[in-house]
Protein chains: 2
Amino acid sequence: MAAKKDTHKRDTYTPDSLLTVAVRVFNERGYDGTSMEHLSQAAGISKSSIYHHVRGKEELLRRAISRALDGLFSTLEEPGAREGRAIDRLEYVTRRTTEVLMSELPYVTLLLRVRGNTATERWAMARRREFDQRVAELLKQASADGDLRPDVDVRLATRLLFGMINSLVEWYRPARAGRDGNAASDEVADAVVRTAFAGLRT
Amino acid sequence: MAAKKDTHKRDTYTPDSLLTVAVRVFNERGYDGTSMEHLSQAAGISKSSIYHHVRGKEELLRRAISRALDGLFSTLEEPGAREGRAIDRLEYVTRRTTEVLMSELPYVTLLLRVRGNTATERWAMARRREFDQRVAELLKQASADGDLRPDVDVRLATRLLFGMINSLVEWYRPARAGRDGNAASDEVADAVVRTAFAGLRT
DNA sequence: GTCTATATTACGATAGAC
DNA sequence: GTCTATCGTAATATAGAC
């Protein structure tokens, strides 16, 4: 109990620890509905102190969204997303995307809610469309392989699948130790995959 | 071609015609990201003129959200939602909710995005929870009737079902006359019902 | 019903002391 | 690294002329 990393509560902020606070407030009030004054109160330091750690409000948004995008795109590089039949790769990506949504919940929530009012937000939307496109290609391939029900419209199915997955940010809350208010993370991923693929697979 | 209602373009605003413009901008920029200046530019009149028609920005939000809630709750009063087995009533409500989302798209979109920063927004969230609760009861009853797959968690299924339906506001755009960029409204409703109930029904 | 002008407050960001 | 004080701008809303 001597060194600097030993203290239980942080006595000064780093850009990252400040980000944790900011992202929570952004999600509670919406990005545009959050002022620097709101952030300073939540962090327990003055407005001007925040500017010592980050260049401004938009940098906090950019950092948060980057983290979300990194998590999502990295799943596409995993073996399960790159090897095997398209339908199986799609199921793998569906499961992993669901898991990333839950593990990086506040960051992905922010990503899914941007409206495109600033350059940062428009960049986020473009990157997100890229990701959606990659998954849509898997669905298209699975359809060509004959592994999707013939009455399924691929374009529509892609959107309903993402709709179901992305809706997690509206209700999923991580389980706290001891008290389990919510389904466990792997149960949720199972349910999403099962529900979605019941309507898709041949 | 003489009377006042004959003109193709409105030369003055009513609260309702102003609402149409405001709701479009709210959805493009987000409610908090929209200023009265933005609204005045979109409407082609000055800021102060807007105050002649409505008390302020929040009244526009309240009017829009009321319209969305009226549409949603009215489906629960229709015969198909009140008679028959719970699973069939659930399917009916799912279809009709999907249809209302599409026919009242900009209004429902706004409803689904409020964050609770003002009294109006908190009222909207409470009413929306009421609606969700009513549908959740149908799912619960269908489960008790033995009409749901035994491995389906009712709480989770409710959320995934709403997630799929509500995600429509993120991508559905009404078809324009002549050029059909999107699936027709009844095709979408069919797909939603089919995809969702494939994972639910026994 | 719409306008210009303006009151008042809130916001993002900076300066400079400690 | 954090603070108080403040700048310049943009926000909601009102007053009063036409």
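Just so it is clear, the values below take in all heavy atoms, side chains as well, and ignore hydrogens, waters and symmetry mates. Letters go in sequence order (proteins before strands), and every chain restarts at 1.
- A cation-pi arrangement is found for B:R127 relative to B:F73, the charged atom lying closer than 6.0 Å to the ring centre and inside a 45° cone about the ring normal.
- A salt bridge between A:R67 and A:E104 is present, with a side-chain N of the basic residue lying under 4.0 Å from a carboxylate O of the acidic one.
- Under the 3.5 Å distance criterion, with hydrogens and angles disregarded, a donor-acceptor pair is assigned to the side chains of B:S49 and B:S46.
- Contact check of residues 35-63 of chain A against DNA chain D (heavy atom, cut-off under 4.0 Å) returns A:I45, A:S46, A:S48, A:S49, A:H52, A:H53.
- Remark: the B:Q141 side chain and the B:E137 side chain contain no N/O donor-acceptor pair separated by less than 3.5 Å.
- Side-chain polar atoms of A:E99 and A:S185 form no donor-acceptor pair below 3.5 angstrom.
- A donor atom on one side chain and an acceptor atom on the other are found under 3.5 Å apart for A:Y92 and A:E78.
- Remark: A:K57 is not positioned above the aromatic ring of A:Y51, lacking an NZ or CZ atom under 6.0 angstrom from the ring centre and at most 45 degrees off the axis.
- Taking the 5' to 3' direction, DNA chain C first and last meets chain B under 4.0 angstrom from a heavy atom at C:dG1 to C:dT4.
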